Amino acid sequence: MTDAQQREAARQFYYKWNGKGREDEDARSFWFDVLVDIMGVDHVTDRVDFEKKVVGPDGNTKRIDVYIPETHVLIEQKSLGIALDKPQAGHGGMTPYEQAKMYDNGLPHSEKARWIVTSNFAEIWIYDMEQKRPEPVKLTLSDLQSKYHMLDFLVNQETKKVTEEMQLSLQAGELVGKIYDAFLRQYKHPDDPETLKSLNKLCVRIVFCLYAEDAAVFGKRGMFHDYMAQFDARGARNGLRRLFRVLNQKPEDRDDYLADDDPLLAAFPYVNGGLFADDDIEIPSFTDDILNLILRKASDDFDWSGISPTIFGAVFESTLNPETRRAGGMHYTSIENIHKVIDPLFLDNLKTELEDIKAVTVAKTQERKLRQFQDKLAALTWLENKTRYLIQFNDSPLRGVA
């Protein structure tokens, strides 16, 4: 199946199963649809055991809802509305995961679960049994429209882990959506196309600042948070506008007395490439809730540096585009499919060039070549169909490669 076909199948799956699901009657159909429609599995009934028998610790025969032998996936299905983290009175006070683990303990060694999945139709929790203390990676039914690749482990024996980058990208999208909605309510003319353009730019800039402070692009973690924390809701709007202006100024063009007036602001580096060049974007008034959302939820409680730049753009495209938001999620292209295109196109050559430079034994020669390579990377221009940003940081040499 192509990526587009999987995405559409996941969308149709959501509409079919949203708000439905009884353990006894629907478990087989639910997972049959996942495997056939979304994952493209042929001959499911020959490859999947539904109601697989296993002997429990009391010596009685139990039944595993779904077991996939070739990938060693054990699935415990519950009805819609059953909490996946709560003990169940009818099952000896065990949580669904504990119940699944009990079944796994009854399997012979050759059939032990590599993955345990618990589900209540609205949620799918995935446990990697290679971990010492498995913690669930959680998907909702609506997530599958953009995160269906997180189910590759069901049919792919080569899957080593369910990537946390996908989970982080989803959480980032939710945060961007909350920031977007909170600001939208503050605009005087929320339906004006020019308002929406300003709002999109505002959100992109704020999230860039959040990412830059966590990834040390600004040189110090927490810079954006500390700067904005000095304002109350009334002063935050002008404070943010001043920050955008300074980020667009080269050090030599800045006020000579800026460090005296506001040392936190003066510490920010220049960001070239035009991201902060437009000084006419409309920024609405802040509220206490918006300031708290940015400082607490988006800054203190979330690490943006964990998001792969490969999928960073999808967060913005899906969240800031009203059409994709109404459609129910990101139009997400997997990292694997992205690399199928970009690796042979240019990335393999760049990696080879970097490895050759790392092999240089003369320190001065290596440093010179690294700087030349950095200049080459900084000169590359990346285009998207709607927006182009070329952001370069040329002040420091490449690190961690010598």
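As the structure is a computational prediction, the values presented were derived from the model and not from experiment.
Counting heavy atoms from C-beta on, the side chains of Leu84 and Glu123 come closer than 4.5 Å.
A salt bridge is absent between Lys351 and Glu355: the closest approach of a Lys/Arg side-chain nitrogen to an acidic carboxylate oxygen does not fall below 4.0 angstrom. The pair Arg296-Asp300 meets the salt-bridge criterion, with a side-chain N (NZ, NE, NH1 or NH2) lying under 4.0 Å from an Asp/Glu carboxylate O. In summary, Lys20 and Asp26 do not engage in a salt bridge, as defined by a charged side-chain N under 4.0 Å from a carboxylate O. Of the charged side-chain nitrogens involved, at least one lies within less than 4.0 Å of a carboxylate oxygen, so that Glu194 and Lys197 count as a salt-bridged pair. Taking the charged nitrogens against the carboxylate oxygens, Lys101 and Glu98 have no contact shorter than 4.0 Å, which rules out a salt bridge. With respect to Glu353 and Lys376, a salt bridge is recorded, a charged nitrogen being found less than 4.0 Å from a carboxylate O. The pair Lys78-Glu76 meets the salt-bridge criterion, with a side-chain N (NZ, NE, NH1 or NH2) lying under 4.0 Å from an Asp/Glu carboxylate O. Taking 4.0 Å as the cut-off between side-chain N and carboxylate O, Glu111 and Lys52 count as a salt-bridged pair. A salt bridge does not link Lys132 with Asp128: every distance from a Lys NZ or Arg NE/NH1/NH2 to an Asp or Glu carboxylate oxygen is 4.0 Å or more.
No donor-acceptor pair under 3.5 Å is formed between the side chain of Asn292 and the backbone N or O of Asp289. Checking side-chain atoms of Asn120 against main-chain N and O of Leu80 turns up no donor-acceptor pair under 3.5 Å. Between the side chain of Asp104 and the backbone N or O of Lys112 there is no donor-acceptor pair closer than 3.5 Å. Side chain of Glu51 to backbone of Arg63: no donor-acceptor contact under 3.5 angstrom is found. Remark: the backbone N or O of Leu275 is paired with a side-chain donor or acceptor of Arg205 at under 3.5 angstrom. Put simply, the side chain of Arg237 gets close to the backbone of Ile283: a donor and an acceptor are under 3.5 Å apart. Under a 3.5 Å cut-off, the side chain of Glu213 and the backbone N or O of His225 do form a donor-acceptor pair. In this structure a side-chain-to-backbone donor-acceptor pair under 3.5 Å is missing from Gln186 to Pro284. For Tyr103 (side chain) and Leu74 (main-chain N/O), no donor-acceptor pair under 3.5 Å exists by modelled atom type.
Remark: the Thr352 side chain and the Asn349 side chain contain no N/O donor-acceptor pair separated by less than 3.5 Å.
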Test log, rule ring-ring contact (aromatic ring centres under 6.0 Å, His included), inputs Phe268 and Phe218: CA-CA 6 Å; Phe268 283 92; Phe218 284 154; 5.1 Å; yes
Residues Arg254, Tyr270; criterion side chain to side chain contact (heavy atoms under 4.5 Å, CB included); working and verdict: CA-CA 10 Å; Arg254 295 179 179 178; Tyr270 165 57; 4.2 Å; yes
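Going from atom OH of Tyr67 over to atom CZ of Phe50 covers 14.0 Å, rounded to the nearest 0.5 Å. Taking CG of Leu295 as the reference point, atom CG of Asp301 lies at 11.0 Å (rounded to 0.5 Å).
Considering every non-hydrogen atom in both Ala233 and Thr287, the closest pair reads CB-C, 3.6 Å.
Relative to the ring axis of Phe286, Arg234 does not place its NZ or CZ within 45° and under 6.0 Å from the centre.
Evaluation of the ring-ring contact (aromatic ring centres under 6.0 Å, His included) test over residues 124-144, restricted to residues two or more places apart or in two chains, returns Tyr97-Tyr127.
Using cut-offs of 30° and 60° on the angle between ring planes, the pair Phe121 and Trp17 is parallel.
Between Phe13 and Phe30, the distance from one ring center to the other falls under 6.0 angstrom.
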